[in-house]
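For reference, the structure is listed below as structure tokens.
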Amino acid sequence: MDLNYMSADEMLGAFRRRELSPVEVLDSLIERVAKTSEVNAVAEEMFDEAHEVARAAEARYAGKGPAPRALEGVPVAVKEEMPIAGRSHRFGSLLTEGNVATQTQPMVQRLIDAGAVLHLRTTTPEFSIAVTTHSELWGVTRNPWNLDYSPGGSSGGSGAALAAGLAPLATGSDIAGSIRVPSALCGVVGFRPPYGRVPALPPTSLDTYCQDGPMARTVTDCALFQNVIAGPDLVDHASVPAVPPLPTSFGSCAGLKVALAVTIGDFPVVPDAAADIERFASALRDAGAEVTPVEIPITRQSIMATAMAHYGLLLGPSVLGWAPADDPRWSRDVLDVVEACGAALENIGALRIVEEEARMHAVLAEIYRDHDAVICPTMATTGYPADAMSAESVELAEGVRFANLVSQCLTQLFNIASRHPVLNVPSGRAANGVPTGVQIVARPFDDLTAFRLGAAAEARLGLWSDPDRRPNLGHHG
């Protein structure tokens, strides 16, 4: 039994049966951290505090004290972007030396209240505004499946930690794909909940594109995690009323109508990603779903321009609030992105953002009149170098280039259409060893359908079912 790749659901069962101790699991993961330093996914170790929580969980399972809670004794890696009161809060930046959080992110507090063991915090790009994960503060985080490649971003440290066997669960946040991109590239499951489902802290909680969510290696674990963190909180005015918890057994997806979009609009997609989504569609057909091809007639220029202008409203100004643009501690990568967002906003204007968003919503509404969900690739490509810069031009295929890394991600449409729940599920592995992923996008606030379809595909394609296919750390290329 490999404790490092055990699912949270399996752990909870073993804990309840007294076949395994939370302390044993934690010790195994800590040893694993020391052996996987080349991945560089850890921003902070919290092992002493974690041992105290694990010992307390062990006592609960032994019948000493209160009953075990929903995630009692399960280790969780926390994205460093998420504040924990009293702890350093650096955002991956040299500008934040000495910054200490005064509040705890609501989803992190709910993990603590559910008995989870928070043993490490994961790396991010500077201020979490990139789809790769490297910074002057923490260095380059690498993809465990191929160390030459990026795990994606901005929750890249969380995705890499899951793939490297450092935790069964990890937290993520997503304003442009930052849960789904690393989930796809690291071969894990990531859920971008509908806006308002998981409470957060202002000001980002008031940004409709932005949402915190769970990451795991299995659909069931992602559901267990989501059940703990969902529901309203007075700290977040935008949080929505609670709904019945997701099940851990999802039943049949027979009869569900699924729209297959091999791409979105005029986004080019590499052959590996296109082939894997066709396999994914076949798996759903085998499970009884009705899958039919559709086109989503929304151009990448429209999506990119609208999203970039939107980021210029709040994200860009909030980041620049840390220091003047001429401060030498800024990385050029961050300034390039922030300046591009400001220029896009100036070019389009706030009214045009709303008009474009409304047009995109109308296009999607027509598709969902006849379908319960849409599936499309998460990424147009199969990865990029671990140290790639956000604004650099990247070749997708011969004669086809993307202007920047984020334009390779088919995620931003569903930040614009933010009430749709989106579940990334692994769909295969490309020739370079880097996994591919598919977005399952259900109707607004219909989380259960996304999970039902994800579980059906996972049962037939499961990337983690064979221990011999796990990342071979230490091997480049």
Side-chain angles (χ1 to χ4, degrees), residues 81 91 124-133 152-156 173-182 192 195 203-204 206-211 263-268 296-322 325 330-361 363-364 376 378-381 384 388-394 396 401-418 420 422 439:
E81 177 203 33
F91 299 98
T124 66
E126 191 171 5
F127 294 107
S128 292
I129 56 171
V131 292
T132 187
T133 298
S154 64
S155 308
S173 60
D174 190 317
I175 195 172
S178 286
I179 288 173
R180 291 160 289 157
V181 170
R192 203 303 318 274
Y195 177 65
T204 54
L206 300 176
D207 186 333
T208 59
Y209 285 24
C210 192
Q211 188 65 36
T263 190
I264 294 173
D266 57 345
F267 276 87
I296 301 179
I298 304 173
T299 67
R300 56 180 171 146
Q301 193 279 331
S302 175
I303 293 170
M304 290 297 300
T306 302
M308 291 295 284
H310 174 94
Y311 303 140
L313 289 169
L314 176 62
L315 179 64
S318 67
V319 169
L320 285 178
W322 282 94
W330 282 112
S331 71
R332 187 66 251 171
D333 199 31
V334 170
L335 289 180
D336 284 344
V337 173
V338 170
E339 289 169 3
C341 293
L345 176 59
E346 185 176 347
N347 182 53
I348 291 177
L351 178 60
R352 173 93 176 276
I353 295 174
V354 175
E355 292 172 342
E356 285 296 300
E357 289 178 346
R359 188 179 62 81
M360 294 179 207
H361 294 157
V363 170
L364 291 174
C376 67
T378 304
M379 302 294 293
T381 183
Y384 33 84
M389 303 298 283
S390 294
E392 71 182 62
S393 175
V394 179
L396 177 69
R401 297 190 71 84
F402 280 124
N404 51 51
L405 292 185
V406 75
S407 61
Q408 300 182 69
C409 311
L410 278 68
T411 51
Q412 291 185 93
L413 175 60
F414 305 110
N415 293 96
I416 295 169
S418 62
H420 290 275
V422 191
Q439 297 180 97

query: Can you find a heavy atom in the side chain of L413 that is under 4.5 Å from one in the side chain of L364?
result: yes

field: Distance in Å, M389 CE paired with L405 CG, rounded so as to fall on 0.5 Å steps
entry: 9.5 Å

- prompt: Using a distance-only test with no angle check, is there a side-chain donor-acceptor pair under 3.5 angstrom linking E357 and T306?
  reply: no

message: Could you check whether any side-chain heavy atom of F267 comes within less than 4.5 Å of a side-chain heavy atom of C376, counting everything from C-beta outward?
response: no

message: If you compare all heavy atoms of I353 against all heavy atoms of H310, which two are closest, and at what distance to 0.1 Å?
response: CD1-N, 3.7 Å

message: Is there a side-chain contact between T133 and P182 in this structure, where contact means two heavy atoms from C-beta onward sitting under 4.5 Å apart?
response: no

statement: Smallest heavy-atom separation, A417 atom then H361 atom, equals CA-NE2, 3.7 Å

- line: Across all chains, not counting sequence neighbours, the side chain to side chain donor-acceptor pair (under 3.5 Å) partners of E339 are R332

field: Interatomic spacing from OH in Y209 to CG in L315 - rounded to 0.5 Å
entry: 12.0 Å

message: How close do T263 and G265 get, counting heavy atoms only, and between which atoms?
response: CG2-O, 3.7 Å

- prompt: Between W330 and F127, what is the ring plane arrangement, given parallel below 30°, perpendicular above 60°, and tilted in between?
  reply: tilted

task: Would you tell me whether R359 and S302 have side-chain atoms, one donor and one acceptor, within less than 3.5 Å of each other?
output: yes

query: Does the Y311 side chain pair with the main chain of I175, one donor and one acceptor, at a distance under 3.5 Å?
result: yes

- request: Could you tell me whether a side-chain N or O of R180 sits under 3.5 Å from a main-chain N or O of L410, the two making a donor and an acceptor?
  value: no

Shortest non-hydrogen contact between A305 and I348, atoms and distance: O-CD1, 3.2 Å

OG1-CD distance between T381 and Q408, expressed to the nearest 0.5 angstrom: 4.5 Å

field: Check against side-chain hydrogen bond (donor to acceptor under 3.5 Å, both in side chains), T124 and E81
entry: CA-CA 7 Å; T124 66; E81 177 203 33; over 6 Å; no

R352 side chain to A309 backbone, donor-acceptor under 3.5 Å: no

- request: Show your reasoning for whether side-chain contact (heavy atoms from CB on, under 4.5 Å) applies to V131 and Y384.
  value: CA-CA 10 Å; V131 292; Y384 33 84; 3.6 Å; yes

field: For the student: nearest non-hydrogen atoms of I179 and D174, plus distance
entry: N-OD2, 3.1 Å

- prompt: What residues form a side chain to side chain donor-acceptor pair (under 3.5 Å) with S154, not counting sequence neighbours?
  reply: K79, S178

message: Run the side-chain contact (heavy atoms from CB on, under 4.5 Å) test on R300 and I264 for me, step by step, so that the C-alpha distance in whole Å, both residues' side-chain angles and the decisive distance to 0.1 Å come before the verdict.
response: CA-CA 8 Å; R300 56 180 171 146; I264 294 173; over 6 Å; no

query: Where the side chain of S173 meets the backbone of Q211, is there a donor-acceptor pair that is under 3.5 Å apart?
result: no

Inter-residue atom distance D266.CG - T299.OG1, 0.5 Å rounding: 5.5 Å

Point-to-point distance, once rounded to the nearest 0.5 Å, from CG of N415 to OG1 of T208: 9.0 Å

- prompt: Between the side chain of T411 and the main-chain N/O of A176, is any donor-acceptor distance below 3.5 Å?
  reply: yes

message: Nearest 0.5 Å, please: how far is CE in M360 from CD1 in I298?
response: 6.0 Å

query: Shortest non-hydrogen contact from P203 to L314?
result: O-CD2, 3.7 Å

